[in-house]
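All values below were derived from every heavy atom in this structure, side-chain atoms included, with hydrogens, water molecules and symmetry-related copies excluded. In what follows, every chain begins at residue 1, and chains take the letters A, B, ... in the order their sequences are listed.
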Amino acid sequence: MARVGVVTFPGSLDDGDAARAVRLAGGEPVRLWHGDADLRGVDAVVLPGGFSYGDYLRCGAIARFAPVMEPLVDAARGGLPVLGICNGFQVLCEAHLLPGALVRNDHRTFRCTDQRLRVENAGTAWTHEYETGEEVVVPLKNGEGGYLADERTLDELEAEGRVVLRYVVPDGGRNPNGSARDIAGVTNAAGTVVGLMPHPEHAVEAGFGPDPRTGTAGTDGLRLFSSALRRLVA
Amino acid sequence: MGRVVVEVMPKPEILDPQGKAVAGALPRLGFGGFTGVRQGKRFELEVDGEVTPEVLEEAARAAEVLLSNPVIEDVVRVAPVEADAATTTLAGGSA
Amino acid sequence: MGRVVVEVMPKPEILDPQGKAVAGALPRLGFGGFTGVRQGKRFELEVDGEVTPEVLEEAARAAEVLLSNPVIEDVVRVAPVEADAATTTLAGGSA
Amino acid sequence: MAQPTSTDAPGSPSSSRSSGGSGTPVTGLDTVARAGATPDVAQPWRELGLREEEYGRIREILGRRPTSAELAMYSVMWSEHCSYKSSKVHLRQFGEKTTEAMREHLMVGIGENAGVVDVGDGWAVTFKVESHNHPSFVEPHQGAATGVGGIVRDILAMGARPVAVMDQLRFGAVDHPDTARVVHGVVAGVGGYGNCLGLPNVGGEVVFDTVYQGNPLVNALAVGVMRHEDLHLANATGAGNKVVLFGARTGGDGIGGVSVLASETFDATGPAKRPSVQVGDPFAEKVLIECCLELFGAGLVEGIQDLGGAGLSCATSELASAGDGGMHVELDTVLLRDPSLSCEEILMSESQERMMAVVRPEHLDRFLEVVRRWDVETSVVGEVTGTGRLVITWRGEVVVDVPPRTVAHDGPVYERPYARPSWQDALQADTAAALPRPTSGEELRATLLRLVASPNLADKGWVTDQYDRYVLGNTALATPDDAGVVRVDEATGLGVAVSTDANGRYGYLDPYAGAQLALAEAYRNVATVGARPLAVTDCLNFGSPEDPDVMWQLQQAVTGLADACQVLGVPVTGGNVSLYNSTADVPIHPTPVVGVLGVLDDVARRTPSGWRAPGQALYLLGA
Ligand SMILES: Nc1ncnc2c1ncn2[C@@H]1O[C@H](COP(=O)(O)OP(=O)(O)O)[C@@H](O)[C@H]1O
């Protein structure tokens with residue numbers, strides 16, 4: 001069984017949920033502690049959501065320097081699949097494993113909502129069980145989820161198919177946090193490191209995820225975890 | 001076009017969780033020399049013309065009324081940005 | 001005991017929702033003179049002794065490594081707090 | 001950072017304040033020895049909110065005048081907020097009217113940090129609602145944030161993992177110029193703190209009414225879950241056991257806030273009684289939660305008490321009072337954020353995110369290892385003794401030597417006069433029958449539109465969207481459903497439902513029936529999602545107890561609630577009383593917020609509200 005590490009930083013909140021998602025997807029979650037520079041031989045890593053170090057300076061800015069990040073950054077550069085969810089995405093950007101940065105939502109409030117997303121790249125380690133163009137509904141909850149990068153970087157990301165997920169925005173509407181080009185998630189060039197603001201780990205069990213009234217079974221997030229697992233086992 | 005800088009800091013007796021978090025991180029990154037950190041806000045206000053004493057006066061009032069929360073914060077500085085630029089260059093050399 | 005001030009502003013081309021909100025609120029409160037607002041951060045770092053050039057150097061490095069994110073922010077100022085105090089008094093008179 | 005404190009609120013005792021910084025012995029230190037030798041020193045008991053006879057009683061208990069540190073402790077612990085001196089005689093009904101049958105699921109009742117209910121399969125649930133009204137008017141964001149922080153620590157102190165929060169909010173008129181400040185600050189504060197703690201917000205209330213203009217209500221409820229064997233009561237037993245203070249450092253926060261602010265009529269214009277505000281650090285609290293749960297889990301603590309209102313005064317005296325011996329505390333060992341604090345200020349400080357634990361000496365090393373792992377600052381501040389007295393030293397001198405029960409549990413109790421208000425009959429006679437009715441389709445349409453547009457009936461999504469309801473992955477129902485439902489046991493689906501309700505206008509019309517209606521509504525909300533109601537918590541928000549009209553409202557509401565609980569067979573397990581909610585002598589409407597907790601064997605079978613599918617039939621049940 002593939003072993004997937006889930007890192008706990010001080011202030012991590014969705015670490016237990018990420019571990020549950022790994023388990024429900026058929027993997028073995030392995031808890032990793034921020035203070036240990038040791039990946040315990042895992043096959044992939046999830047950096048979970050939360051407010052590491054209170055997110056006081058900038059989201060993810062302090063967690064990026066945690067001891068566990070040293071082996072993680074090296075391993076990620078070497079091809080280890082890494083998924084950063086929300087705060088985990090912010091940590092990956094601060095650690096320069098992914099381009100860009102996440103800033104305060106343009107409406108300046110925290111927003112928790114069932115969010116419709118479009119899968120733009122179903123070729124990454126974490127999305128290959130989806131279809132390109134498929135729409136899914138997954139909870140989104142953040143105060144600083146606006147994805148920004150300079151125009152050149154954004155053009156590059158699009159040209160290389162490195163935009164993994166986009167917010168589905170109704171005609172005339174705006175995306176939920178002011179993200180450039182409605183970007184909800186991006187990947188590195190190898191398609192192994194993926195970061196996204198929405199929370200797939202909160203859409204893995206019917207009845208505990210998005211409201212069925214939004215037209216979803218509530219389990220659209222599960223395939224992110226099973227994608228990685230299947231590829232690792234195969 | 002002129003600019004006024006307004007700076008606001010948490011009152012000394014008030015807990016500053018942000019500064020505390022930064023203070024905790026610095027030594028771990030090898031910056032051992034700092035014994036405390038406080039984090040506040042810096043606003044740059046733009047005006048069409050020059051920064052006259054009247055503009056500074058208005059900025060100071062805006063600082064009290066809107067830019068700071070007098071219950072927990074102090075306005076520590078209201079000044080034209082020029083004065084600032086000089087300092088930046090000065091210190092910038094060491095960066 | 002000395003203090004160093006480090007100031008960080010969002011890059012000019014980066015959206016600053018907080019500054020925008022302040023800019024929107026000012027005219028409603030009768031402050032009509034400002035054409036734009038940006039909001040950044042001000043850190044005060046405390047050291048045990050004096051603020052030597054080495055201390056400033058260390059603060060400038062901390063500013064680059066931790067206190068700012070170069071993708072979205074610029075460090076606009078690293079300076080001893082003394083320089084500041086003078087400005088405060090100056091402007092304080094108008095407050 | 002070392003900064004001189006600027007606290008000069010009259011609430012802080014200044015008689016012995018050092019003038020020359022720290023380090024050297026304070027010249028004016030008011031020791032127990034000195035208090036014995038100088039009986040005639042004038043003391044600021046009145047400024048601290050004590051009445052003359054209360055001050056007299058303290059002298060009688062001690063057989064001498066109190067030291068300034070003792071005076072600080074007694075004044076804060078005997079304040080309305082901490083001692084329930086006006087409401088106690090009525091609250092007794094909750095216990096007296098609880099029958100043996102109602103106790104069936106009750107593991108811990110009124111009197112502890114929070115009540116505990118057996119929900120089956122070895123699981124227990126604790127829950128409680130508390131107010132943070134006055135601080136939330138002064139500084140809405142921080143006031144509301146620290147309100148959430150405080151109730152969560154109460155739950156944690158029982159040995160439970162906090163699993164959900166709710167918030168009950170009352171604001172002034174939606175179009176009043178000050179309302180925006182309060183509303184947005186409070187909602188951001190509740191959300192900011194709860195979201196950062198990682199606790200799903202599963203419900204609450206938002207009501208606008210002019211009676212709350214100068215006195216908004218911010219109540220917060222927390223729910224916690226534990227195995228039966230993890231239940232801990234906070235008491236200091238076993239002579240030789242260590243008393244450990246851990247969490248945030250102690251600063252000059254909210255000194256005098258409880259004794260002065262919360263016990264006297266609130267007057268926004270008065271210069272005097274404004275406390276320094278407490279700022280919350282939710283990150284510190286999140287770490288503290290994980291740290292405490294690890295300590296409980298490893299069996300390294302005998303008991304843990306949270307520090308909230310009245311800070312160390314409360315924690316030391318309550319732990320000692322609930323224990324079997326005494327306690328000796330060396331105040332110099334308290335880690336300070338501000339080294340210039342006097343001993344009185346250290347005892348009064350309401351710095352947030354602190355806990356006090358009683359630890360066996362043989363467990364101390366492992367205890368310290370755990371707190372270090374979580375980067376939580378800790379100091380051993382004293383130990384449990386067999387003397388039966390709470391003794392506190394400062395700079396080597398005894399500054400407090402008191403029987404702890406007299407501070408924490410045997411405070412003054414008042415039988416305040418109460419009488420049915422002269423205006424009550426006229427109010428009740430002025431019924432809705434006198435109101436004009438729409439007579440045409442046009443008027444009916446206008447009425448309907450007015451209702452739909454009313455802020456109290458409108459969608460609350462603008463509030464609830466700012467709260468995380470998904471974190472922890474166990475939320476089976478939250479907004480917009482009638483009750484919040486969270487799963488307790490992933491293996492079986494066992495879970496709990498909680499709903500809170502209150503209608504101040506019903507309370508004003510008839511406080512007895514109003515309290516019953518609040519209970520009935522919360523009870524129905526819990527029942528309609530499919531849960532069996534088991535227990536009740538309440539937060540009684542009222543005006544000044546010195547007003548016989550208000551006292552009558554309180555007496556009626558408590559009686560109504562206790563009677564209704566008996567009829568429904570659910571016990572009150574705990575709660576909170578918030579008095580002096582008035583502006584310029586005009587009290588708020590009686591607002592007894594009532595929370596009901598129910599159990600579901602499998603949350604997968606919960607019933608959500610709303611139309612689910614076309615073709616379903618509608619039934620109207622009940623009278
Ligand atoms: N302050 C609040 N915090 C969290 N949830 C809230 C708050 N106010 C209202 N809600 C939730 O929003 C939903 C709708 O509230 P409301 O319109 O008052 O419903 P009802 O009239 O059925 O009580 C409910 O699920 C309620 O729990």
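The 12-atom threshold is not exceeded at NZ of C:Lys20, counting heavy atoms of other residues, nucleotides or ligands nearer than 6.0 Å. Heavy atoms of other residues, nucleotides or ligands lying less than 6.0 angstrom from CG of A:Asp155 number more than 12. Within 6.0 Å of the CZ atom in A:Arg174, the count of heavy atoms belonging to other residues, nucleotides or ligands does not exceed 12.
For chain C, no part of A:Asp150 is nearby; none of its heavy atoms comes within less than 4.5 Å. Only the side chain of C:Lys41 comes within contact range of chain A, with heavy atoms under 4.5 Å apart. For a residue to count as touching a neighbouring chain, one of its non-hydrogen atoms must lie under 4.5 Å from one of that chain's; by this rule A:Arg104 touches chain C with backbone and side chain alike. Neither the backbone nor the side chain of C:Glu13 comes within contact range of chain A; no heavy atom of the residue lies under 4.5 Å from a heavy atom of that chain. Interface remark: C:Val65 contributes backbone and side-chain atoms alike to the contact with chain A (heavy atom separation under 4.5 Å).
Annotation for A:Leu57 and C:Leu66: closest pair CD2-O, 3.2 Å, computed over non-hydrogen atoms. Nearest heavy atoms, A:Arg58 versus C:Asn69: NE-CB, 3.2 Å.
When side chains are defined from C-beta on, C:Leu15 counts as touching A:Asp106, because their heavy atoms get closer than 4.5 Å.
Note that the CG atom of A:Leu148 and the CD1 atom of C:Ile14 stand 5.0 Å from one another [nearest 0.5 Å].
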